[in-house]
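Note on naming: letters A, B, ... go to the chains in the order of the sequence lines (proteins, then strands), and numbering restarts at 1 for each one.
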Number of protein chains: 2
Amino acid sequence: MSLMELKEAKDKFIHTWGTLATQWGINRTMAQIHALLLLSAKSMNADEIMADLQISRGNVNMNLRDLMDWGLIYKQLLPGERKEYFIAEKDIWKVAKQIAKERRRREIGPLIEAMEDIKEGIQPDTVEKEEFLKIVNDISKVSVFADNTLTSLLKSEENWLLNNFIKIFNK
Amino acid sequence: MSLMELKEAKDKFIHTWGTLATQWGINRTMAQIHALLLLSAKSMNADEIMADLQISRGNVNMNLRDLMDWGLIYKQLLPGERKEYFIAEKDIWKVAKQIAKERRRREIGPLIEAMEDIKEGIQPDTVEKEEFLKIVNDISKVSVFADNTLTSLLKSEENWLLNNFIKIFNK
DNA sequence: TTGAATTTTCAAAATATTCTGAAAGTTTTT
DNA sequence: AAAAACTTTCAGAATATTTTGAAAATTCAA
């Protein structure tokens, strides 16, 4: 039956999303909730998510919060409803941008800070120290470069890369 | 004393590298071994690494293997030596390239495959199925785009972005 | 060959992360 | 102000990942 086919495909999608997410540092449940909301035409509340994914209230609550921190879902207050409803950002380009932005903040930011920090404590007054500082400096430069590249990619809508993307995306 | 200062800075570097690595999906020990080898002028053998980082032989062996898989260190067979020695790639741009390459392979590749896989099972014969396929397709497109962008960035030495980078890096 | 040196494996232990569910906290209704 | 509806917290339980270390496998010299 056709409806079953879709249900299965959706389940597969949710499951796959959850598995892949662990590969890239996001936890399984967070990814599954995200997938569920991505596929849901309507916004969902905590009880519905609990029932659907068979997970505890605490778990749902915590991961909904994280997903909001990542900017991947929004809270929706429905008139006449006490419960909070959640809806996912459906524009996948925006989703990708948000993920890139967040990962930049979490992964590159601390690296730059740490390297600056280490540089400060050392004077290049011996060959060994110079060699050490060379490496720290190189890492610093690569990280700042990666950070700048990502930032400009994400910011400017006029960016050639983005335009390039839009061309591909809309075809 | 000045030597102590350098020793401390190196330890801080190794420790920091290990901590940050967990943030981006690499395990702590692997990152620490990598950092240790990055800072070491000479190549090191398993016993030296064990002693330096105070970790077990099995752990060292396993992570050296992983680091070689990532293309971040090389095995060096010294003439007249039975033991295997390891040396890190010191060119940080190459290191960054290797990491990007490996992460592309691990993170984007499986995503593209999974989406293609899901698409195959579904015919767009109802509105719901069309809506579902729209999302899967969009993710597919974004992933392929990200994959292509990264690949071209990493491959072409003539790339504007790379040149841009070299300009910054060499100044 | 043999055996010493070295590397690899892998089951069990240690550690880290995630999840549960009931209690506490908050908001809204009556 | 009390109760009902709902959300948040968090200690302990469950699960997953990493590490150890001793045994097995491999390599090399004699």
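- Phosphate contact (OP1/OP2 of C:dC19, side-chain N/O of A:Thr29, threshold under 4.0 Å): present.
- Atom CZ in A:Arg82 sits about 14 Å away from atom C1' in C:dG25, given to the nearest Å.
- Separating the CD atom of A:Gln32 from the C1' atom of C:dT18 is a distance of 13 Å, rounded to the nearest angstrom.
- The local environment of CD in A:Gln123 is sparse, with at most 12 non-hydrogen atoms from other residues, nucleotides or ligands closer than 6.0 Å.
- In this structure, B:Phe13 and A:Ile118 approach most closely via the heavy-atom pair CA-CD1, 3.6 Å.
- If you measure from atom CD1 of A:Ile33 to atom P of C:dT18, you get 13 Å, rounded to the nearest angstrom.
- Between B:Phe132 and A:Leu6 the shortest side-chain heavy-atom distance falls below 4.5 Å.
- One can place CD1 of A:Ile26 at 12 Å from P of C:dT18, the figure rounded to the nearest angstrom.
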Checklist entry - Under the salt bridge (Lys or Arg N to Asp or Glu O under 4.0 Å) criterion, do B:Glu8 and B:Lys12 qualify, and how do the steps go? => result CA-CA 6 Å; B:Glu8 265 167 33; B:Lys12 185 171 176 184; over 6 Å; no
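- Straight-line distance from the CD atom of B:Glu81 to the P atom of C:dA5: 14 Å, rounded to whole Å.
- A tilted orientation is assigned to the rings of B:His34 and B:Trp17, their planes being inclined by 30° to 60°.
- The environment of A:Lys101 atom NZ is sparse: at most 12 non-hydrogen atoms of other residues, nucleotides or ligands sit within 6.0 angstrom.
- Within 6.0 Å of CZ in B:Arg28 there are 12 or fewer heavy atoms belonging to other residues, nucleotides or ligands.
- Nucleotides of DNA chain D that come within less than 4.0 Å of any heavy atom of chain B span, from the 5' end to the 3' end, D:dT18 to D:dC28.
- Whole-Å rounding puts the A:Asp66 CG to C:dT17 P distance at 14 Å.
- For B:Lys83, the listed nucleotide lying nearest its side chain is C:dT6; candidates were C:dC19, C:dT6, C:dT20.
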Checklist entry - Between B:Met68 and B:Lys75, does a side-chain contact (heavy atoms from CB on, under 4.5 Å) hold up when you go through it step by step? => result CA-CA 8 Å; B:Met68 285 194 290; B:Lys75 195 184 277 191; 4.0 Å; yes
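- To the nearest 0.5 Å, atom OG of residue B:Ser56 and atom CE of residue B:Met50 are 7.0 Å apart.
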Sub-3.5 Å pairs of nitrogen or oxygen atoms, protein against nucleotides 8-16 of chain C:
from  : atom 1 : to      : atom 2 : distance (Å)
C:dT8 : OP1    : B:Arg65 : NH2    : 3.3
C:dT8 : OP2    : B:Asn61 : ND2    : 2.4
C:dT8 : OP2    : B:Arg65 : NH2    : 2.8
C:dT8 : O5'    : B:Arg65 : NH2    : 3.3

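- Under a 3.5 Å cut-off, the side chain of B:Thr151 and the backbone N or O of B:Asp147 do form a donor-acceptor pair.
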Item to check | side-chain contact (heavy atoms from CB on, under 4.5 Å) between B:Lys97 and B:Trp93, intermediate numbers included | outcome: CA-CA 6 Å; B:Lys97 258 169 78 168; B:Trp93 174 242; 3.5 Å; yes
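- Summarising the geometry, the separation between CD on B:Gln76 and P on C:dT7 is reported as 14 Å, rounded to the nearest angstrom.
- The terminal axes of the helix from C:dT1-D:dA30 to C:dT30-D:dA1, fitted over 5 pairs per end, subtend an angle of 10° to the nearest 10°.
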